[in-house]
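Reckoned from all heavy atoms, side chains included, excluding hydrogens, waters and symmetry mates. None of these values were measured; they are calculated from a predicted model.
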Amino acid sequence: MMRKNKSRKRKDHVILLVLVSAIAVVFGLRSYFSTVLPVLAGEQQEAEVQEEATMITISLSDIVDTKNLQLVNSEYAFASNGSVPDLVSSNNGLFLRTDVLTAVSSLLNDTRNTVGGQLILNSGYRTAEEQEQLYFNTADKAYVQEAGHSEHETGLAADIAIQNVADVENSPQSQYLIKNAWKYGFILRYPRDKTAITGIANEPWHFRYVGEVHAQYMTEHELVLEEYIERLKKVGSYRLNKGGKNYTVRYESPHDNQLQLPNDAQYEISSDNTGGYIITSWK
């Protein structure tokens, strides 16, 4: 009888110890969560604040707009305000923006040195009056835009002629240009398989300057400018590593005529001519 009582007491002690331990764990966890979680939340809020603190607000009137990524087509007219700044003449008397002429000259030299051939800049900047006359005199309107809607009015478009070649599109020179134009900031603007999107027939000679980062992304993803802008509107941003630098490309619609820009990185801005801005930043 005594043994049974002692055994029962031992069991009661064990149960009591288990209960006490459980209570201690519960209160210990409650204390842990009440102490740690607010700290973690505070750290997260601090990180968010720090992230927000790296952005600054700039008025649209104070930005420098490169206009490199402006969409100009039958739907969106080019707002030139009467002139395009920083135009310079090529060796054969055609005009392009200074940075664009430098880039296309390098592209042409690279192509000549690699695959040979005679390549020349065949068309560059046109005034609205010149574009109007060209449109009027061109029978096949599939290859030409009305005045105000041509990329040639931006100073960013270059037509490249390959001389003494029967099949221009399939020539080694044309294929090299198409595959390597992105290295110099250009895209083939009117490829054969994108006519329904661009509204212009296949033009293997027409290259548009957009900048190296954007040209690389568009070429890798086989996008024309219309598609690129629409993708940016949907995804918001992307990152790209190029030449040891980390680039962030972000689409933003202005609020109260202001943009949010990075305060801790270099950046450049281009309006897209549809109401938004594309901000390219790098460190």
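Side-chain N or O atoms of N180 include one that pairs as donor or acceptor with a backbone N or O of Y176 at under 3.5 Å. A donor-acceptor pair under 3.5 Å links the side-chain atoms of N109 to the main chain of S105, judged by distance alone. Using a distance-only test at 3.5 Å, with no hydrogens or angles considered, no donor-acceptor pair links the side chain of S271 to the main chain of N273.
Remark: aromatic rings of Y217 and Y238 are close, center separation under 6.0 Å.
Summarising the geometry of S123 relative to L94, their closest heavy-atom pair is N-CD1, 3.6 Å, with the distance given to 0.1 Å. Contact record, R192 with E169: NH2-OE1, 2.6 Å, taken as the closest heavy-atom pair. For N68 against R97, the heavy-atom pair with the smallest separation is OD1-NH2, 2.5 Å.
Using a 4.0 Å cut-off between a side-chain N of Lys or Arg and a carboxylate O of Asp or Glu, D65 and K67 do not qualify as a salt bridge. Ion pair K183/D110 not flagged as a salt bridge, since none of the NZ, NE, NH1 or NH2 atoms sits closer than 4.0 Å to an Asp/Glu carboxylate oxygen.
Each of E151, E203, H206 was compared with R189 under the side-chain hydrogen bond (donor to acceptor under 3.5 Å, both in side chains) criterion, and only E151 meets it. Checking each of F95, Y125, F186, Y184 against V100 for a side-chain contact (heavy atoms from CB on, under 4.5 Å) leaves exactly one that passes, namely F186.
Of the N and O atoms on the side chains of H152 and E130, not one donor lies less than 3.5 Å from an acceptor on the other residue.
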